[in-house]
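Worksheet: the structure to be examined is printed underneath.
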Amino acid sequence: ILGVLIITSALYYLKDDRVKPEDFIKDKYRSNSEYIVVQQEKKNNYLAYLGRDNENIYLDIFENDKFFGGSIISPKNNQKIVLYQTSQYVNLIIVYGDNTELRYSSYTLKVTGNDIEPRMFNQNINNNDYILDIYILDTKYDESFDLYFK
């Protein structure tokens with residue numbers, strides 16, 4: 001009996017909270033019949049889903065198949081940039097939003113930090129209805145994040 005208790009306790013504490021992201025998304029939005037996934041993006045250990053319904057745009061992020069976080073915006077806000085510090089060494093920057101009317105053909109993301117050269121990222125979104133891009137940077141880049149659309 002003691003052996004069974006030890007094994008059960010070990011399994012409880014070692015429980016892995018990994019999920020199948022597709023199943024997680026289906027379950028999370030099960031009651032929202034209007035929700036659809038419009039884009040997904042994977043970079044290194046990160047996977048992001050962009051979904052929408054008639055009212056909002058939803059961002060859900062996974063790290064190594066574990067739900068990491070998310071965000072919601074109104075399509076009227078068009079696009080957004082979010083920053084997550086995933087560890088003491090990594091900043092995760094996600095640019096996402098709506099471009100269904102093809103208002104923009106490109107964007108530039110400027111990231112600055114203390115005592116370090118700014119980084120510029122140019123992205124062509126000319127034919128994209130939605131924007132979903134993942135950037136993984138050192139935590140030294142934490143001063144400002146500026147997004148410019150053309």
Test: Asp98 and Arg52 ion pair at under 4.0 Å = yes
Any donor-acceptor N or O pair under 3.5 Å, side chains Glu22, Tyr49 = yes
Could you walk me through whether Phe67 and Phe24 pass ring-ring contact (aromatic ring centres under 6.0 Å, His included), step by step?
-> CA-CA 8 Å; Phe67 181 69; Phe24 182 91; 4.7 Å; yes
What are the two closest heavy atoms between Leu47 and Gln40, and how far apart are they?
-> CD1-NE2, 4.3 Å
Is Ile116 reachable from Val111 through a run of I, L, V, M, F, W or Y residues, each pair having side-chain heavy atoms under 4.5 Å apart?
-> yes
Can you establish whether the number of heavy atoms outside Lys20 located under 6.0 Å from its atom NZ is more than 12?
-> no
Is atom NZ of Lys150 surrounded by more than 12 heavy atoms (other residues, nucleotides or ligands) closer than 6.0 Å?
-> no
Check whether any side-chain heavy atom of Leu59 sits under 4.5 Å from a side-chain heavy atom of Ile94, and report yes or no.
-> yes
Is the centre of the Tyr130 ring less than 6.0 Å from the centre of the Tyr96 ring?
-> no
Which atom pair, heavy atoms only, marks the closest approach of Gly97 to Ile57?
-> C-CD1, 4.3 Å
Looking only at atom types and distance, does a side-chain atom of Asn122 sit under 3.5 Å from a main-chain N or O of Thr108, one as donor and one as acceptor?
-> no
Between Tyr107 and Phe149, how do the two ring planes meet: parallel, tilted or perpendicular, split at 30° and 60°?
-> tilted
Step by step, work out the side-chain contact (heavy atoms from CB on, under 4.5 Å) result for Leu109 and Gln123.
-> CA-CA 8 Å; Leu109 172 64; Gln123 189 71 297; over 6 Å; no
When rounded to the nearest 0.5 angstrom, what distance separates OG1 in Thr139 from CG in Asn91?
-> 6.0 Å
Between Phe121 and Tyr135, how do the two ring planes meet: parallel, tilted or perpendicular, split at 30° and 60°?
-> tilted
When hydrophobic residues are tied together by side-chain contacts of less than 4.5 Å, even through go-betweens, does Ile93 share a cluster with Tyr148?
-> no
Nearest atoms (heavy-atom pairs only) where Leu50 meets Ile131 | CD2-O, 3.5 Å
Going by atom types alone, do Asn32 and Asp53 pair a side-chain donor with an acceptor below 3.5 Å?
-> yes
Tell me, please, which residues at least two apart from Asn64 pass side chain to side chain donor-acceptor pair (under 3.5 Å).
-> none
Would a distance-only check, ignoring hydrogens and angles, find a side-chain to backbone donor-acceptor pair under 3.5 Å from Asn44 to Tyr46?
-> no
Centroid-centroid under 6.0 Å between Tyr58 and Tyr29 rings | yes
So which heavy atom on Asp60 is nearest to which on Lys28, and how close?
-> OD1-NZ, 2.5 Å
Atom NZ of Lys43 and atom CD of Glu41: how far apart are they, to the nearest 0.5 Å?
-> 8.0 Å
